[in-house]
Each structure stands twice: as structure tokens, then as C-alpha cells.
Amino acid sequence: MVTFRTASLSLVLLLASALGFAKDSATSALHATLKAQADAWDAAIVKKDRQAIAGNMSETFFQIGSDGETADKAQFLQNLTSPDLVIEPYTVEDFKIRVYGNTALLNGRTDMHGTYQGKPFRSHYRYTDTYVKEGAVWRVVNVQTTRIAP
């Protein structure tokens with residue numbers, strides 16, 4: 001015979017398990033959304049799609065480059081879409097996402113190649129892109145890169 005206590009304990013365990021599953025599913029879905037958004041931003045950068053690049057950025061965007069130089073949104077867009085700069089398609093390795101409420105940190109490693117003013121360049125770096133949920137939309141508010149020595 002099932003006692004009330006045993007039935008109640010079983011129900012609590014079942015609900016706790018369901019809530020854990022729902023939380024894991026929501027986390028997985030958010031990670032997939034942020035990964036797709038980051039991949040689309042990378043593709044927009046290679047294509048120099050100014051509108052798509054800007055659409056992923058907060059108005060308060062700020063960048064700290066590997067050389068310590070900084071840029072706001074306007075300067076970052078100008079630099080990336082300059083006709084002097086050609087970035088070859090690149091891949092991101094060691095990609096990780098950590099979410100803290102309405103803030104997400106996306107980390108990775110990129111080995112970027114291209115030309116600047118007709119001269120070849122290579123930029124091998126680790127980065128942190130900080131995304132913040134603005135209303136219902138996630139946007140990058142900060143980028144920081146750290147050069148990896150050759």
C-alpha cells in the first residue's frame with residue numbers, strides 16, 4: 001500500500017526532475033541561439049555587411065583590441081568595413097558560452113587571415129564577446145581580444 005508520504009515524495013521528485021529538465025532545455029536553447037547569432041556576426045564581418053554587424057551591437061558597444069586600442073561602435077564599424085581591410089573566412093575554436101542572467105560571455109580562439117592595404121596579415125587571438133539582453137534581443141556590448149604569440 002502506497003502511503004501518502006511516499007506518494008508525496010515521489011511527486012516532489014518527479015516535479016524537481018521536470019523542472020531540471022526544463023531549465024537544461026532552456027539553457028541549451030539559449031546557447032544555440034547565442035552560437036547562431038555569433039556565427040552570423042562572424043559571417044557578416046567577413047562579408048562587410050555593415051547593417052548586420054551593427055544590428056548585433058548595442059549602441060553602447062566598446063572594444064578593447066589586442067594592442068590596447070579602444071573603439072566605440074562607430075569606429076569599430078568603420079574599421080571593419082574599410083575598403084583597405086579584407087578578412088578571409090575564419091573559424092572559431094575553443095568556443096564557450098557562460099550565461100549570468102541577462103549577460104552572456106562568449107569566448108573563443110580565432111586565427112584570422114586577410115589583407116590590409118594590400119598587405120597580408122595574420123591575427124591569432126583569444127576573445128571575449130560580452131552580450132547583454134536588451135529587451136528581448138541579445139546584443140554585444142563589449143569585445144576584448146588578446147593576441148596569441150606566434
Side-chain angles (χ1 to χ4, degrees), residues 11-150:
L11 181 59
V12 166
L13 291 174
L14 179 63
L15 288 172
S17 175
L19 289 174
F21 176 76
K23 182 180 177 188
D24 289 346
S25 293
T27 299
S28 294
L30 176 56
H31 282 218
T33 297
L34 288 168
K35 173 73 168 110
Q37 191 169 337
D39 289 345
W41 199 39
D42 289 339
I45 288 170
V46 170
K47 292 188 292 187
K48 294 186 180 204
D49 182 340
R50 187 180 183 93
Q51 185 176 352
I53 297 167
N56 191 53
M57 301 166 69
S58 172
E59 290 306 313
T60 61
F61 175 87
F62 188 73
Q63 178 206 21
I64 302 172
S66 297
D67 57 1
E69 293 293 318
T70 62
D72 64 8
K73 182 176 182 175
Q75 186 63 49
F76 185 82
L77 286 167
Q78 182 179 332
N79 292 344
L80 280 181
T81 59
S82 166
D84 291 337
L85 178 65
V86 176
I87 299 172
E88 300 297 327
Y90 57 91
T91 58
V92 174
E93 298 177 350
D94 299 333
F95 187 76
K96 294 176 181 56
I97 298 174
R98 293 172 292 149
V99 178
Y100 304 96
N102 287 333
T103 302
L105 301 177
L106 284 64
N107 302 107
R109 179 170 50 90
T110 298
D111 191 4
M112 189 179 286
H113 299 264
T115 59
Y116 182 71
Q117 296 179 337
K119 296 178 181 155
F121 76 86
R122 176 182 182 215
S123 181
H124 191 203
Y125 60 90
R126 291 192 184 277
Y127 70 87
T128 299
D129 289 351
T130 304
Y131 280 71
V132 171
K133 191 171 185 183
E134 297 179 341
V137 180
W138 288 89
R139 289 200 173 87
V140 65
V141 296
N142 195 83
V143 169
Q144 180 153 3
T145 57
T146 303
R147 187 177 65 84
I148 299 173

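Residue numbers count from 1 along this sequence.
- Here the closest heavy-atom approach between residue R139 and residue M57 is recorded as CD-O, 3.4 Å.
- To the nearest 0.5 Å, the span separating CG on L34 from CZ on R98 amounts to 13.0 Å.
- Contact record, N102 with W138: O-CZ3, 3.5 Å, taken as the closest heavy-atom pair.
- To the nearest 0.5 Å, atoms CD1 (I97) and OH (Y131) are separated by 9.0 Å.
- By the side chain to side chain contact (heavy atoms under 4.5 Å, CB included) test, H124 is found to be paired with R109, D111, R122, I148, residues two or more places apart in sequence or in another chain being considered.
- For the salt bridge (charged side-chain N to carboxylate O under 4.0 Å, His left out) condition, the pairs that include at least one residue of residues 30-39, sequence neighbours left out, are K35-D39.
- One distance of note links CG of N56 with CD1 of I45; it measures 8.5 Å at 0.5 Å rounding.
- Listed by chain and residue number, nothing satisfies the side chain to side chain contact (heavy atoms under 4.5 Å, CB included) test with A43 (two or more places apart in sequence, or in another chain).
- To the nearest 0.5 Å, atom OG1 of residue T110 and atom CZ of residue F95 are 9.5 Å apart.
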Pair V140, Q37 - check side chain to side chain contact (heavy atoms under 4.5 Å, CB included), show working. CA-CA 10 Å; V140 65; Q37 191 169 337; over 6 Å; no
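- In terms of the side chain to side chain contact (heavy atoms under 4.5 Å, CB included) criterion, residue partners of T128 (sequence neighbours excluded) are, by chain and number, L105, N107, T130.
- Within the structure, salt bridge (charged side-chain N to carboxylate O under 4.0 Å, His left out) pairs that include any residue of residues 60-74 comprise E59-K73 (at least two apart or interchain).
- What you find for V92 and G108 is that their closest heavy atoms are CG1-CA, 4.0 Å.
- The minimum heavy-atom distance linking V141 with S58 is given by the pair CG1-CB, 3.5 Å.
- Scanning both residues, W41 and I53, for their nearest heavy atoms gives NE1-O, 3.1 Å.
- To the nearest 0.5 Å, atoms NZ (K96) and CG (L106) are separated by 11.5 Å.
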Return a table of donor-acceptor pairs under 3.5 angstrom between the side chains of residues 76-87 and protein atoms on other chains or two or more places apart.
residue: N79; atom: OD1; partner: Q75; partner atom: NE2; Å: 2.7
residue: N79; atom: ND2; partner: Q75; partner atom: O; Å: 3.4
residue: T81; atom: OG1; partner: R50; partner atom: NH1; Å: 3.1
residue: T81; atom: OG1; partner: L77; partner atom: O; Å: 2.6
residue: S82; atom: OG; partner: D84; partner atom: N; Å: 3.0

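- Within the model, atoms OH of Y90 and OG of S123 stand 10.5 Å from one another, a figure rounded to the nearest 0.5 Å.
- Looking only at distances, a side-chain donor or acceptor of S66 sits under 3.5 Å from a matching main-chain atom of R147.
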